[in-house]
Chemist: 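Here it is: the structure, laid out below.
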Amino acid sequence: MSRYRSLLPPPGSLIAFEAVASRLSFTQAAGDLGISQAATSRQIKILEDFLGRQVFSRERRQIRLTEAGEQLYGAVAMGLGHIASAVETLRAPQGGRQLSVATSVAFSTFWLMPRLARFHTAHPALQLRLMTSDSQADWLAPEVQVAVIYGRGAAPGARSERLFGEEVIAVGHPDLIAGGQPPRTAADLLAYPLLHLDAVYPSWFSWRGWFERCGAVQPRTLPGPRFNSYAIAIQAVREKRGITLGWRRLLEAELARGELVQLTQDRVIPEEAYYLVTPERWANDHGVGGFRDWIMAESRQSALALGKGNSIPEDQARFGPQVGSEG
């Protein structure tokens, strides 16, 4: 018997869990799955019985991920994403050309995925294989033809082209400041629950590093829940569980729609940026060239939509190297 059979819950319960967790709605998840709401609830019950703990908390007409559910969701979403990517590659027409693109889970989730339909329209013959990982070693694995990497651009044996820089701001749910006195300074944010993120990239800011750049006097400890997934941290903000640091270029759609709000005018611009990195052996490949032209055009459009170019005036922001992640 495969060891996975005894270690893993029934596959159907994991698929149902991912659907409910992504929607935070049994009704919507049931519609996505094409089954009844009762059947969806039974699958979640099977999963919770297997784990011996709840993955959702039920509060009136709302549901929320429990701590165990958040931990499981990050692993399930990534695992199913990898499986789906592999299956999509295998099902692709044999005459189609496959292009392997590597990037982080955060960049893929918030910036790249919402734009991929336009890529497929522009390059129908290219079958994109999206390889998401938060391990830097995976971004330039032998099978990777092109990668989007956050850093300073240096990559041995590869060409690097800057896509755009970032600015780090404090974000929260609009309801957190509705009807009350909104925060005016970075120090005012210490009155809110702080959601911490374990560094996805070594150069990502922690709350402590961000407050230091903004000149805010901090207490010795900064309590608050920690997350190892940027997507889950942002989901917690959507659920009004606290505030977190937002990388504006990743969250531009959420900010534009008003789902998240910038809490103060404070912002810090890291020295790092997003780079398109191409191993030398693929530098002159036609498919890689098509992806390069497309993502460069998308990054320019994105910058124009934000009302600025790829750079931000230095006199309007605080610069500095990253300090380590602290609680």
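Note that the structure is predicted; figures quoted are calculated from it, not measured.
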Chemist: Is a salt bridge present between R249 and E272, judged by a nitrogen-to-oxygen distance below 4.0 Å?
Modeler: no
Chemist: Looking at residues at least two apart in the chain, or sitting in another chain, which of them share a side chain to side chain contact (heavy atoms under 4.5 Å, CB included) with V144?
Modeler: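 Checked V144 against side chain to side chain contact (heavy atoms under 4.5 Å, CB included); matches are A102, M131, A141, A147.
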Chemist: How long is the straight-line distance from CG of L263 back to OG1 of T185, given to the nearest 0.5 Å?
Modeler: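 Answer rounded to 0.5 Å: 11.5 Å.
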Chemist: To the nearest 0.5 angstrom, please state how far the CE atom of M296 sits from the CZ atom of F164.
Modeler: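 Between M296 CE and F164 CZ, I get 10.5 Å after rounding to 0.5 Å.
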Chemist: Which distance, rounded to the nearest 0.5 Å, do you find between the CD of E166 and the CZ of R267?
Modeler: 11.5 Å
Chemist: Would you indicate whether the side-chain heavy atoms of I169 and L251 approach each other to under 4.5 Å?
Modeler: no
Chemist: Which heavy atom in Q28 sits nearest to a heavy atom in S25, and how many Å separate them?
Modeler: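 That closest heavy-atom pairing would be N-OG, 3.0 Å.
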Chemist: Is the closest side-chain heavy-atom distance between Q43 and F17 below 4.5 Å?
Modeler: no
Chemist: Using 0.5 Å steps for rounding, measure from the CD1 atom of I46 to the OG atom of S41.
Modeler: 11.0 Å
Chemist: So, does E18 use its side chain to make a donor-acceptor pair with the main chain of V76 at under 3.5 Å?
Modeler: no
Chemist: Can you check side chain to side chain contact (heavy atoms under 4.5 Å, CB included) on F110 and W247, steps first, answer last?
Modeler: CA-CA 10 Å; F110 291 100; W247 273 252; over 6 Å; no
Chemist: Can you confirm whether more than 12 heavy atoms, excluding those of R281, are under 6.0 Å from its CZ atom?
Modeler: yes
Chemist: Check the pair V146 / W282 against side chain to side chain contact (heavy atoms under 4.5 Å, CB included), numbers first and verdict last.
Modeler: CA-CA 8 Å; V146 63; W282 294 107; over 6 Å; no
Chemist: Are F107 and Y150 an aromatic pair by the rule of ring centers under 6.0 Å?
Modeler: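 No.
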Chemist: For the pair R159 and E280, find out whether any cationic side-chain nitrogen is under 4.0 Å from an anionic carboxylate oxygen.
Modeler: yes
Chemist: What is the distance from atom CZ of R226 to atom CG of D198, rounded to the nearest 0.5 Å?
Modeler: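 It comes to 5.0 Å.
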Chemist: If you count the non-hydrogen atoms of other residues, nucleotides and ligands that lie under 6.0 Å from CD in E67, is the total more than 12?
Modeler: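 Result for CD/E67: open.
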Chemist: Would you name the heavy atoms of H173 and R238 that are closest together and state the gap between them?
Modeler: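 Closest approach of H173 to R238: CD2-O, 3.2 Å.
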Chemist: For the residue pair T27 and Q37, what are the closest heavy atoms and their distance?
Modeler: OG1-OE1, 3.0 Å
Chemist: Which heavy-atom pair separates P114 from T109 by the least distance, and what is that distance?
Modeler: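 Nearest pair, atom of P114 first, then T109: CD-O, 3.7 Å.
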Chemist: List for me each residue that meets ring pair (Phe, Tyr, Trp, His ring centres under 6.0 Å) alongside W294, sequence neighbours excluded, and say none if there are none.
Modeler: F119, F291
Chemist: Would you call W111 and I295 a side-chain contact if the rule is heavy atoms closer than 4.5 Å?
Modeler: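 Yes - at least one pair of side-chain heavy atoms lies under 4.5 Å apart.
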Chemist: When you compare the side chain of I63 with that of V20, does any pair of heavy atoms fall below 4.5 Å?
Modeler: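 Counting from C-beta outward, V20 and I63 do come under 4.5 Å.
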Chemist: Can you find a heavy atom in the side chain of Q235 that is under 4.5 Å from one in the side chain of E70?
Modeler: no
Chemist: Judged by atom type as modelled, is there a donor-acceptor pair below 3.5 Å linking the side chain of R115 to the main-chain atoms of E298?
Modeler: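 No, because the side chain of R115 does not come within donor-acceptor range (under 3.5 Å) of the backbone of E298.
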Chemist: Indicate the atoms forming the closest heavy-atom contact of P9 with L14, along with that distance.
Modeler: CG-CD2, 3.6 Å
Chemist: Between E48 and K45, is the closest basic N to carboxylate O distance under 4.0 Å?
Modeler: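 No, no charged N to carboxylate O under 4.0 Å.
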Chemist: Go through the steps to decide whether L194 and I243 satisfy the test side chain to side chain contact (heavy atoms under 4.5 Å, CB included), and finish with yes or no.
Modeler: CA-CA 5 Å; L194 301 180; I243 66 175; 3.8 Å; yes
Chemist: So how far is it from E161 CD to R292 CZ, rounded to the nearest 0.5 Å?
Modeler: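 Atom-to-atom, E161:CD and R292:CZ are 4.0 Å apart.
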Chemist: Strictly distance-based, threshold 3.5 Å: is any side-chain N or O of T66 a donor or acceptor partner for the main-chain N or O of Q54?
Modeler: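 Yes: the side chain of T66 pairs with the backbone of Q54.
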Chemist: Would you find a donor on one side and an acceptor on the other, under 3.5 Å apart, between the side chain of H196 and the backbone of L222?
Modeler: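 Such a contact is found between H196 side chain and L222 backbone.
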Chemist: Is there side-chain contact between F227 and T244, with at least one heavy-atom pair below 4.5 Å?
Modeler: no
Chemist: Could you tell me whether a side-chain N or O of R184 sits under 3.5 Å from a main-chain N or O of Q265, the two making a donor and an acceptor?
Modeler: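 Not a single qualifying donor-acceptor pair exists.
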Chemist: Do other residues, nucleotides or ligands put more than 12 heavy atoms under 6.0 Å from the CD atom of Q262?
Modeler: yes
Chemist: Please find the pair of heavy atoms, one from A186 and one from A216, that lie closest to each other, and give the distance.
Modeler: CB-CB, 4.1 Å
Chemist: Contact between M113 and L116 at the side-chain level, heavy atoms closer than 4.5 Å - yes or no?
Modeler: yes
Chemist: Answer yes or no: is there a donor N or O on one side and an acceptor on the other, between the side chain of S13 and the main chain of L47, under 3.5 Å?
Modeler: no
Chemist: Is it the case that atom CD in E143 sees more than 12 heavy atoms from other parts of the structure closer than 6.0 Å?
Modeler: yes
Chemist: Tell me, do V105 and S229 make a side-chain contact under 4.5 Å, heavy atoms counted?
Modeler: no
Chemist: Can you list the steps and then say if Y275 with V148 is a side chain to side chain contact (heavy atoms under 4.5 Å, CB included)?
Modeler: CA-CA 6 Å; Y275 286 85; V148 177; over 6 Å; no
Chemist: Give a yes-or-no answer on whether the side chains of Q145 and R129 include a donor-acceptor pair shorter than 3.5 Å.
Modeler: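 Result is no, nothing qualifies.
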